[in-house]
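Every value quoted in this text rests on a predicted model; they were computed, and no experiment measured them. A note on names: the letters A, B, ... follow the listed sequences, proteins ahead of strands, and every chain is numbered from 1.
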Amino acid sequence: MEYNFRSIEKKWQFNWAETNAYKVSNESDKPKYYVLDMFPYPSGAGLHVGHPLGYIASDIYSRFKRLKGFNVLHPMGYDAFGLPAEQYALEHGVHPAVSTDQNIRNFRKQLDNIGFCYDWDREVRTCDPGYYKWTQWIFLQLFQSFYNRHTQKASPITELVTIFEQEGNAAHPVPNSSFQLHAPQQRKPFVFSAEAWKTFSEAEQQKILMEYRLAFCGYGEVNWCEALGTVLANDEVVNGVSERGGHPVVKKKLRQWYLRITEYADRLLEGLSRIEFSDSMKEMQSNWIGKSSGAEIDFQIKGHDQKLRVYTTRPDTIFGVDFMVVAPELDWINQVKSADQSKAVEEYIAYVQSRSERERMAEKKITGCFTGAYAVNPFDGREIPIWISEYVLAGYGTGAIMAVPCGDERDFKFAEHFKIPVTNIIGKHFNGREANPTKEAILENSGFLNGMVMKEAMEVAIQKLEAEGIGIRKVNYKMRDAAFSRQRYWGEPFPVQWKEGTAYAWDVSGLPLELPYVESYQPGPEGEGPLANIPEWVSKELETNTMPGYAGSSWYFLRYMDPHNTEVFCDRKASDYWGQVDLYIGGTEHAVGHLLYSRMWTKVLFDLGHLSFDEPFKKLLNQGMIQGSSRFVYRINGTNRFVSKGLLTSDETYLDAEAVEHKVDKIHVDVNFVDGYELDLDAFKQWRNGEFAQAEFVLEDGKYVCGSEVEKMSKSKFNTVNPDDLVEKYGADTFRMYEMFLGPVELSKPWDTKGIEGVHRFLKKLWRLFYDELKGQVWTAEKATDAELKVLHKAIKKIEEDTERFSFNTAVSTFMICVNELSELKCSKKDILEQLLILLTPYAPHISEELWSQLGNKTSILDAAFPKFESDYLKESSKAYPVAINGKTRLEMTLSLEVTQQEVEAIILADATVQKWLEGKQPKKIIYVKNKMINVVV
RNA sequence: GCCCCGGUGGUGGAAUUGGUAGACACGCAGGACUUAAAAUCCUGUGACCCGCAACGGUCGUAACGGUUCAACUCCGUUCCGGGGCACCA
């Protein structure tokens with residue numbers, strides 16, 4: 001009887017489905033455990049070997065926890081709204097609902113191949129009206145709430161209305177301090193009394209309330225591509241033109257929905273201390289939130305009524321300000337620029353308009369333009385030139401900075417480039433060649449701050465600014481409110497109706513507000529979404545934007561707990577039972593997007609009394625990214641000749657026999673017909689319907705050697721490897737274990753299929769402990785020896801520890817060691833093997849279940865009890881110590897574990913080899929670390 | 001540019017708390033079985049040096065420097081690779 005993995009895997013997958021082996025109940029005496037995967041976007045390309053890495057890890061852990069006696073929730077679903085389906089629809093005319101459904105079927109088939117223990121009764125799809133009904137419902141919760149800064153939590157907006165009616169907004173200032181109801185920008189915040197509130201019209205009241213809502217409508221800049229009639233991500237803009245088609249892209253202000261996540265900034269920071277995310281992940285989140293404290297300062301602009309408001313974290317350096325830098329998109333620049341600089345300013349603004357935010361931030365070249373205007377230093381009256389430059393972004397702080405070149409590297413480079421004289425306020429701490437951002441220096445040339453240490457001067461400066469009404473203390477966040485609308489079709493419609501320019505909540509009884517079926521997905525007029533093309537939609541004055549991809553994914557982990565409920569998003573009893581996700585596995589690419597939004601939504605639902613916890617994920621495990629290892633061929637420009645990699649002088653040039661230089665094109669080839677680096681010439685010629693059938697090759701040593709590069713795994717780079725092929729060839733158990741054996745889950749690594757044989761051999765070797773090809777059954781019911789028990793218990797200990805700390809790769813190697821040792825002992829005893837199967841079943845569930853039943857068990861191994869480790873079997877009385885002389889290991893010595901320091905010293909000094917190394921000298925010190933090592937210091 | 005992570009044999013990686021660097025695999029080389037192949041099993045395998053041999057020596061964890069009895073592990077500088085940077089998901 002041999003290991004026939006194909007029939008075994010089919011048999012058990014069918015059996016588990018038949019018996020509902022993975023069904024999970026919301027009621028159980030066992031303790032609960034919730035293991036969650038980041039659900040996939042069902043792309044048309046299907047699953048590649050990178051996807052299952054995290055899924056296998058979570059599957060192993062779920063099965064492990066089940067063996068340990070937990071009631072484990074381990075669901076799966078699909079993040080099914082999104083841009084790719086819409087773009088596919090635009091190009092191929094297939095409705096997103098249709099292609100998405102097809103893709104999901106395909107994903108499901110691929111997932112099923114691998115033998116995951118998901119409870120599929122709990123599947124969710126974000127594009128399902130039964131699901132997005134509740135996404136819309138949560139949106140309405142956000143829309144109808146405000147953040148009460150006194151209680152530090154979200155409350156119904158009706159409470160705010162009551163407060164306004166009774167006492168106005170003095171106690172609840174408008175979050176956006178520059179908001180005014182009618183007048184253009186004024187200095188003082190917008191405050192009204194109860195009486196004034198009552199005199200406001202309905203539209204005015206609604207306009208004010210919008211300023212407080214957690215989901216609100218405002219105006220924001222986007223990358224606008226006129227030719228495509230659509231908004232583009234920074235990603236899709238390259239050098240000022242669209243990636244698709246190469247059309248020009250400009251900045252455009254559009255009406256947008258936002259989530260007021262900035263109100264939660266402090267709580268999002270605080271919550272980090274209560275959850276187990278890696279330090280780097282927490283650091284990324286806090287950097288994203290970017291809390292800083294400093295001051296906003298108003299500078300009078302010379303010859304204008306206007307003031308220039310800047311935000312700075314270093315008010316202590318105010319006497320070192322040599323110039324101002326303003327974000328080029330601020331409108332008022334046009335009012336203050338001087339006549340002679342007017343043209344230059346306009347040209348510069350046009351240049352910046354064409355650049356994405358990403359490009360602006362990544363720019364090494366220093367660019368900028370003097371406006372011709374001057375600000376006046378309020379303390380010493382110095383006139384300070386006002387510049388504009390792309391490195392200052394409108395969205396952060398006030399969109400303007402005061403530049404102190406002696407203390408800030410970027411400012412210094414700017415001053416150097418434009419030859420602006422630098423004022424030194426830190427004496428010898430500034431060397432004139434580079435900035436010094438110290439806070440320890442004693443200030444000079446700094447008026448009333450002279451002689452103070454900088455970090456103390458900060459407080460003094462702020463107090464003076466406030467006392468003189470020039471500035472205020474200000475805490476700032478780099479994080480901006482989250483843009484929450486998209487001018488797209490394939491997303492959740494907003495449950496919002498517009499009446500005379502005011503947005504009103506769609507009645508809850510009308511949810512879900514279903515996405516209408518359309519035939520065309522073209523963008524609407526004036527940068528509106530495709531929904532603006534639908535007369536019935538527009539006639540009802542419904543919002544034509546849709547929600548972004550992260551809407552549905554911000555709360556899906558709650559829906560799994562109670563997926564079929566039509567009355568509430570999740571029954572309170574269910575969410576109280578399951579509580580937080582105990583283990584969440586997914587990639588770091590979601591560090592700041594999805595993970596912050598989910599945390600915010602959970603906090604809002606908690607504040608409003610819908611949940612009993614305010615952090616969704618107790619522990620996060622980051623899986624590394626499986627990268628593709630791409631292969632390239634090099635074609636001489638304008639010919640059909642392909643040159644082997646080793647013959648090129650660089651990636652772009654080839655020097656032929658006559659020493660003529662040729663430029664070459666670097667072309668991706670499908671990794672599936674490259675063996676290592678050697679191209680299969682025939683397969684290449686047949687590729688893509690014979691596109692390269694006429695290819696000629698310039699070979700080296702008779703071979704065509706390809707170039708290689710590690711990149712994201714993607715269909716367009718021809719570097720994807722399909723798990724189905726590997727499962728077909730080696731079986732799901734081998735595939736699962738191989739993915740784990742590749743290395744630590746957290747680590748990113750390029751995929752390499754070679755090596756999978758080793759894991760497959762291991763499973764065959766395990767099988768041979770039970771069945772021999774010639775002799776048939778070899779397992780017996782004999783009693784196990786101490787040596788065999790020692791092997792088993794060593795494995796129990798290590799597998800348990802490694803699984804618990806997610807070190808799956810070392811667990812796989814422990815299985816290999818265990819089977820190697822049992823083979824060596826010729827151990828085929830049921831007592832030992834049965835326990836080993838339980839250890840193995842989370843990793844290789846199919847073969848374990850089969851052999852388990854072959855041993856005569858009538859119930860599934862899924863519900864076996866995890867073996868108990870007995871330390872008695874591992875007891876050692878002595879240890880082979882490495883003995884080092886001066887830190888270099890020279891010999892090994894077996895000593896009892898009981899020996900004392902004195903005894904060790906005596907034994908060591910008596911040893912001939914030690915004496916040889918001592919060369920007659922006396923040792924200074926003998927270091928003895930019990931159970932570790934001995935070091936003799938000479 | 002800014003933020004985060006990583007770099008160990010020909011390859012993937014191991015070394016959990018600073019304590020024998022290279023576990024376990026892949027690959028490769030040699031051998032056994034076989035008419036042959038597959039499968040399986042055995043032996044060797046970081047580099048260099050000495051030697052008849054050794055359970056002999058030197059070097060070695062991206063590079064350089066530091067802390068320590070002891071550094072892949074801690075600190076500093078540099079180089080290289082990857083991820084994120086707000087409308088890809």
Given A/E821 and A/K794, is the salt bridge (Lys or Arg N to Asp or Glu O under 4.0 Å) satisfied, shown in steps?
CA-CA 11 Å; A/E821 288 178 349; A/K794 220 167 61 183; 3.2 Å; yes

Applying a 4.0 Å non-hydrogen cut-off, can you work out what [X] is touching in the nucleic acid: base, sugar-phosphate, or nothing?
{"X": "A/L891", "result": "nothing"}
{"X": "A/G82", "result": "sugar-phosphate"}
{"X": "A/R761", "result": "sugar-phosphate"}

Scan every strand shown for a Watson-Crick or G-U wobble partner of [N], both distances under 3.5 Å, and answer none if you come up empty.
{"N": "B/C24", "result": "B/G12"}
{"N": "B/A37", "result": "none"}
{"N": "B/G65", "result": "B/C75"}

Can you tell me if A/K797 has over 12 outside heavy atoms packed within less than 6.0 Å of its NZ?
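No, not enclosed.
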
Heavy-atom contact window of chain A on RNA chain B, given 5' to 3' at under 4.0 Å
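From 5' to 3', the first and last contacting nucleotides are B/G1 to B/A89.
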
By side chain to side chain contact (heavy atoms under 4.5 Å, CB included) - contacts of A/E892 (at least two apart)
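Only A/A880 meet the side chain to side chain contact (heavy atoms under 4.5 Å, CB included) criterion with A/E892.
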
Separation of the C1' atoms in B/G12 and B/C4, to the nearest angstrom:
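Approximately 24 Å lies between the C1' atom of B/G12 and that of B/C4.
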
Chi class for B/G83: syn within 90° of 0, otherwise anti:
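Here the answer is anti: the torsion falls beyond 90° from 0.
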
Can you list the residues that meet the salt bridge (charged side-chain N to carboxylate O under 4.0 Å, His left out) rule with A/R125, with sequence neighbours excluded?
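In terms of salt bridge (charged side-chain N to carboxylate O under 4.0 Å, His left out), with neighbours along the sequence ignored, A/R125 is linked to A/D101, A/E123.
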
